[in-house]
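Note that this is a predicted model, so its numbers are computed, not measured.
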Amino acid sequence: MKVITKVAELRRALADVRNAEKRIGFVPTMGYLHDGHLALISASREHCDVTVVSIFVNPTQFGPNEDLSRYPRDFARDEALCGSAGVSIIFAPSAEEIYPAQFESFVEPGELAKPLCGAFRPGHFRGVATVVCKLFNMVQPDVAYFGQKDFQQCAVIRRMTVDLNLPIEIVTVPTVREPDGLAMSSRNRYLCPEERDRSLAISRGLFAAARAMADFG
Ligand code: PAF
C-alpha cells in the first residue's frame, strides 16, 4: 500500500493503473475510519482492481462554529486499517495541496442541498461538492463509494456527477450500525452516555417506520 500526499504523485501512480486498463475504485473519507468505511472499501475491493482511499478533513464543509479543529484524527490507526483491508493507495493531502493560496472556484449545488441538513449547515454541501469534485478529478476513478447514512450527501453527489458530466459510477452502500442500532459515525465519540442513549431514537424511529410501511404494503 502506498501513502501519497501530493496530487502529482497520485496522478503518476494512477497513470500506470489506467494504462493497464485496471478498474479504479475510490472511497473518499475524512479519516478516523470505522466499520462503515471498511464496508465501502470492501465493496470497492469486490468490484475494482485498485482501491484508493482519501483521508482529508475538508475545511470548506465545516461552518465557522463547527468541529473542524476537534474533528477526530488518527492517521496511524487509519493506515493500519487500510493496510489490512487491502487498500492500494491512501491519498492524504494537506489543506494547502487541495486549496492553494489563490483558490476561489467552488461547486454550488442547487435545490437538493437546501432542506434537511443543508438548512442547518449553510455552505456545508457546497464544501462537500467542491472537495468531492476536486478529488474525482485527481483520482479519476471508475467507481466511487459512499455510505447511505449520508443520504442527502449521496443525492447531492449523484446530481453533481450527472450535471457536470463526470464519467464516474456512484455506488451507495448500506449503513453499518452498532449492535443497538446506532449508525456508525466518526462523530459518535462526541456523544456522552446520555446523548448516545437518546440518539437511538433515530434508528428506532426509522425501523418502526419501515415496519409500518411493510405492514401497510
Ligand atoms: O462523508 C464524508 O466523510 C465527507 O463528507 C466526504 C465525502 C469525504 C467529503 O469530505
Side-chain angles (χ1 to χ4, degrees), residues 3-11 13-14 24-34 36-37 40-41 44 51-75 78 82 87 89-110 112-114 116-118 120-173 185-187:
V3 177
I4 295 179
T5 57
K6 300 286 179 199
V7 179
E9 193 193 340
L10 179 72
R11 286 197 199 285
L14 289 173
I24 301 173
F26 178 42
V27 179
T29 83
M30 299 209 296
Y32 210 70
L33 304 181
H34 51 69
H37 297 113
L40 304 180
I41 293 170
S44 170
T51 293
V52 180
V53 171
S54 63
I55 296 180
F56 178 62
V57 182
N58 172 37
T60 63
Q61 69 188 74
F62 289 77
N65 298 317
E66 292 185 10
D67 55 342
L68 174 61
S69 61
R70 66 188 185 106
Y71 192 85
R73 293 162 170 87
D74 188 342
F75 186 76
D78 288 346
C82 286
V87 168
I89 296 177
I90 294 180
F91 178 50
S94 64
E96 296 70 36
E97 185 71 4
I98 299 293
Y99 299 112
Q102 307 302 319
F103 181 87
E104 61 171 11
S105 306
F106 287 83
V107 176
E108 192 68 63
L112 279 176
K114 290 186 182 158
L116 302 171
C117 193
F120 296 91
R121 302 184 71 189
H124 170 67
F125 287 115
R126 178 189 199 239
V128 170
T130 300
V131 80
V132 171
C133 185
K134 283 172 70 69
L135 290 167
F136 279 179
N137 285 330
M138 292 165 189
V139 177
Q140 296 179 27
D142 297 283
V143 195
Y145 295 85
F146 294 87
Q148 281 171 3
K149 170 175 73 66
D150 303 309
F151 174 79
Q152 191 175 14
Q153 169 169 284
C154 293
V156 167
I157 289 168
R158 272 189 197 286
R159 185 75 254 160
M160 174 192 79
T161 308
V162 172
D163 288 350
L164 302 185
N165 302 93
L166 305 177
I168 299 167
E169 182 190 346
I170 305 298
V171 171
T172 58
V173 174
S185 163
S186 309
R187 286 187 167 108

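- Considering every non-hydrogen atom in both Gln61 and His124, the closest pair reads O-ND1, 2.8 Å.
- Checked by atom type and distance alone, the side chain of Thr29 pairs as donor or acceptor with a backbone atom of Ser54 at under 3.5 Å.
- In this structure a side-chain-to-backbone donor-acceptor pair under 3.5 Å is present from Gln152 to Cys117.
- Between Leu14 and Val52 the shortest side-chain heavy-atom distance falls below 4.5 Å.
- Between Val7 and Phe91 there is a side-chain heavy-atom pair separated by less than 4.5 Å.
- Counting heavy-atom neighbours within 6.0 Å of Phe103 CZ, excluding the residue itself, gives a total above 12.
- Between His37 and His34, the angle of the ring planes lies from 30° to 60°, which puts this pair in the tilted group.
- Scored by the side chain to side chain donor-acceptor pair (under 3.5 Å) test, Tyr32 finds Arg189 as partners (sequence neighbours excluded).
- Looking at every heavy atom in both residues, Cys82 comes nearest to Val53 through SG-CG1, 4.2 Å.
- When all heavy atoms of Leu40 and Gly147 are compared, the closest pair comes out as CD2-N, 3.8 Å.
- The two atoms that bring Gly31 and Asp78 nearest to each other are CA-OD2, 3.3 Å, heavy atoms only.
- Within the 3.5 Å criterion, the main-chain N or O of Pro109 finds no donor-acceptor partner in the side chain of Arg159.
- Ring orientation note: the planes of Phe146 and Phe136 are nearly perpendicular, at an angle over 60° on the 30°/60° scale.
- Partner Asp67 forms a salt bridge (Lys or Arg N to Asp or Glu O under 4.0 Å) with one of Arg187, Arg121, Arg73 and no other, that one being Arg187.
- With hydrogens and angles ignored, the 3.5 Å screen pairs a side-chain donor or acceptor of Thr130 with a backbone N or O of Val107.
- Using a 4.5 Å cut-off on side-chain heavy atoms (C-beta onward), Val132 and Gln153 make no contact.
- For Glu9, there are no side chain to side chain donor-acceptor pair (under 3.5 Å) partners, not counting sequence neighbours.
- The shortest non-hydrogen separation linking Phe26 to Ser44 is N-OG, 4.4 Å.
- Under a 3.5 Å cut-off, the side chain of Glu108 and the backbone N or O of Arg126 do not form any donor-acceptor pair.
- Side-chain contact between Ser186 and Met30 is absent, with no heavy-atom pair separated by less than 4.5 Å.
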